[in-house]
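Remarks on the structure that follows.
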Number of protein chains: 2
Amino acid sequence: MTDTVASRRHVIADDLRSQISTGSFKAGERLPSEAQLAARYGVSTPTLRNALALLQAEGLVEKIHGTGNFVRHPLRRITYVGGGRTPSQAALHVSIRLTKLRARGHLATLLRVATGSPLTEFRCLSHDGTSPHSLAHIYVPRDLAPDDAPADPPWPQEVANLLPKPFPPLAEVQEKVSVRLPTPLEASLLRISPTLPVLAITRVATDTTGRAIEAALLVLPSDRTDAVFTTRLTTDERSADE
Amino acid sequence: MTDTVASRRHVIADDLRSQISTGSFKAGERLPSEAQLAARYGVSTPTLRNALALLQAEGLVEKIHGTGNFVRHPLRRITYVGGGRTPSQAALHVSIRLTKLRARGHLATLLRVATGSPLTEFRCLSHDGTSPHSLAHIYVPRDLAPDDAPADPPWPQEVANLLPKPFPPLAEVQEKVSVRLPTPLEASLLRISPTLPVLAITRVATDTTGRAIEAALLVLPSDRTDAVFTTRLTTDERSADE
DNA sequence: CAGTGGTCTAGACCACGAA
DNA sequence: TCGTGGTCTAGACCACTGT
């Protein structure tokens with residue numbers, strides 16, 4: 001009752017999908033060329049490409065121009081843990097670029113500082129093995145950030161907590177999650193299709209004095225990412241329920 | 001340096017996009033038929049349809065089979081507030097369907113109850129004006145849920161807190177956020193394109209005794225939804241940093 | 001019924017990647 | 001260079017919606 005006559009591209013996509021899941025096509029392997037597949041299924045190339053586009057949207061297939069269509073490795077999902085703490089993804093290689101700039105517009109609003117305030121930007125690109133897995137732009141008020149470029153090797157993605165040691169401790173982390181298409185730059189850095197949406201997380205960390213310590217703009221591929229947030233309600237909040 | 005020669009569909013999409021934003025095409029209006037647009041831009045119909053597909057992916061245009069392409073109303077974004085409390089979207093009409101069932105598989109795991117335990121399911125479809133805006137399946141252990149069907153009119157989407165009045169208070173809410181394509185059922189209930197991804201939030205609420213009170217599977221259209229999570233760190237957690 | 005979008009074809013030509 | 005995917009065409013036919 002649900003589907004009547006599935007269109008050809010769906011039939012083909014279903015067939016390819018099952019061949020992938022049964023192992024006829026293995027992870028990392030190249031599929032036959034689109035022309036060959038079109039001939040095999042007796043359809044025109046646009047139709048076959050439509051079928052592949054379905055699989056691509058599901059994250060099962062990766063197209064590489066001039067080279068072929070590849071079965072993607074079963075996606076190792078990354079769990080982003082909210083609340084500031086917990087890198088949780090220990091085994092990620094992170095490359096960092098440090099830039100000094102001044103607060104403007106949206107950024108100044110997020111950090112609640114005056115326009116023109118000095119900031120330090122960390123652009124962090126984390127890799128899981130060979131493939132990139134997340135992109136983060138982290139902004140910290142200049143006086144809280146170390147002046148020297150940080151050591152490159154093992155840096156947790158959650159930076160802010162480590163920086164301000166003798167400062168007032170972290171009190172609150174607010175994270176806004178939304179979904180959008182990646183910018184062309186983001187798509188190329190993360191090596192994802194520009195049509196695959198990303199999880200965009202805007203994170204603002206505040207210390208006990210109410211000062212914003214960090215603003216982070218995180219971009220995570222939506223097909224490989226879960227985000228988990230745990231809220232523990234205090235006794236005060238609970239009694240306020242009545 | 002970024003884009004060399006944008007493909008025709010992008011040029012067309014850009015043109016239509018600007019015509020929409022400048023008001024040449026107004027919200028809710030029907031666009032000229034695809035054949036007319038194709039003639040106007042001097043391209044074939046598949047090319048023009050590709051351009052429209054771009055706008056559709058951005059949520060700017062809605063296609064209705066046999067009727068036309070329509071400019072979507074500027075999307076009123078819904079903010080989902082994590083942490084259990086705060087309906088926050090007061091002015092939503094919610095229709096609820098109540099079902100009794102028994103825990104199985106994943107659901108039993110989430111609620112940490114034995115397979116076969118009696119549960120009550122609330123299927124909540126919330127509307128914002130005419131258009132549906134969220135779908136929720138909420139599962140509550142049968143002994144915590146009222147036996148009679150709840151009054152239909154104003155029901156906050158966050159149900160669990162209201163149900164168990166004399167029970168141990170809520171202590172912790174854990175929410176897992178992921179992005180996926182909607183099932184055909186979800187797409188039709190939410191009246192969104194099956195190609196537009198949804199935010200899927202799995203929420204488990206636990207009371208002070210550690211018992212799981214509620215498991216909720218929420219589905220929200222990704223182009224109209226932000227989710228905000230605020231984590232307040234307790235003194236204990238802060239001192240554990242050192 | 002007429003008009004709309006949905007699917008598909010059989011080819012052409014372009015752009016990219018590897019040898 | 002050659003094989004790959006990327007874009008586009010001009011038209012056919014089907015499926016849905018409203019009159």
request  = Take atom CZ of Arg104(A) as the centre, draw a 6.0 Å sphere, and report whether it contains more than 12 heavy atoms from other residues, nucleotides or ligands.
outcome  =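 Incorrect, the count does not exceed 12.
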inquiry  = Just checking Lys63(A): does its NZ atom have more than 12 heavy atoms from other residues, nucleotides or ligands closer to it than 6.0 angstrom?
reply    =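 Atom NZ in Lys63(A) is packed in, count exceeds 12.
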request  = Can you tell me the distance, in whole Å, between the CD atom of Glu34(A) and the P atom of dT4(D)?
outcome  =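 Taking CD of Glu34(A) and P of dT4(D), I get 10 Å after rounding.
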task = Using atom CD of Gln36(B) as one end and atom C1' of dG3(C) as the other, report the distance to the nearest whole Å.
result =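 Rounded to whole Å, this separation is 10 Å.
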ask   = Do Pro32(B) and Phe25(B) touch side chain to side chain, with heavy atoms closer than 4.5 Å?
value =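 They are in contact (side-chain heavy atoms under 4.5 Å apart), so the answer is yes.
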key: Inter-residue atom distance Leu135(B).CG - Leu220(B).CG, 0.5 Å rounding   =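 If I round to the nearest 0.5 Å, the distance is 9.0 Å.
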key: Distance (rounded to the nearest 0.5 Å) between Ser24(A) OG and Leu31(A) CG   =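 Going from the OG atom of Ser24(A) to the CG atom of Leu31(A) covers 11.5 Å.
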key: Under-4.0 Å side-chain N/O to phosphate OP1/OP2 contact, Asn69(B) with dG5(C)   =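 So the side-chain polar atoms of Asn69(B) do come within 4.0 Å of the phosphate oxygens OP1 or OP2 of dG5(C), strictly under.
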request  = Quick one: list whatever passes side-chain hydrogen bond (donor to acceptor under 3.5 Å, both in side chains) with Gln19(A), sequence neighbours left out.
outcome  =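 In terms of side-chain hydrogen bond (donor to acceptor under 3.5 Å, both in side chains), with neighbours along the sequence ignored, Gln19(A) is linked to Asp15(A).
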query = Which residues pass the side-chain hydrogen bond (donor to acceptor under 3.5 Å, both in side chains) test with Arg180(B), sequence neighbours left out?
reply =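 Applying side-chain hydrogen bond (donor to acceptor under 3.5 Å, both in side chains) to Arg180(B) gives Glu186(B).
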message = Please give me every residue in residues 51-62 of chain A whose heavy atoms get under 4.0 Å of an atom in DNA chain C, ordered by residue number.
response =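 Hits under 4.0 Å, by residue number: none.
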Pairwise N/O distances under 3.5 Å, protein to nucleotides 7-10 of chain D:
from: dT7(D); atom 1: OP1; to: Arg9(B); atom 2: NH2; distance (Å): 2.9
from: dT7(D); atom 1: OP2; to: Arg9(B); atom 2: NH2; distance (Å): 3.1
from: dC8(D); atom 1: OP1; to: Arg8(B); atom 2: N; distance (Å): 2.5
from: dC8(D); atom 1: OP2; to: Arg9(B); atom 2: NH1; distance (Å): 3.4
from: dT9(D); atom 1: OP2; to: Ser44(B); atom 2: N; distance (Å): 2.9
from: dT9(D); atom 1: OP2; to: Ser44(B); atom 2: OG; distance (Å): 2.7
from: dT9(D); atom 1: OP2; to: Thr47(B); atom 2: OG1; distance (Å): 2.3

task = Go through dG6(D), dG6(C), dT4(D) for me and flag the one nearest to the Arg30(A) side chain.
result =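 Closest of the options to the side chain of Arg30(A): dT4(D).
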query = Which heavy atom in Gly59(A) sits nearest to a heavy atom in Asp223(A), and how many Å separate them?
reply =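 Distance-wise, the nearest heavy atoms are CA-OD2, 4.2 Å.
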Can you tabulate the close N/O pairs, meaning under 3.5 Å, that link protein atoms to atoms of nucleotides 17-19 of chain C?
none

key: Pairing residues for Phe229(B) by the ring-ring contact (aromatic ring centres under 6.0 Å, His included) criterion, not counting sequence neighbours   =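 Expected list: Phe229(A).
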task = Could you please spell out the steps behind the salt bridge (charged side-chain N to carboxylate O under 4.0 Å, His left out) verdict for Lys100(A) and Glu121(A)?
result = CA-CA 6 Å; Lys100(A) 293 182 178 181; Glu121(A) 175 197 76; over 6 Å; no
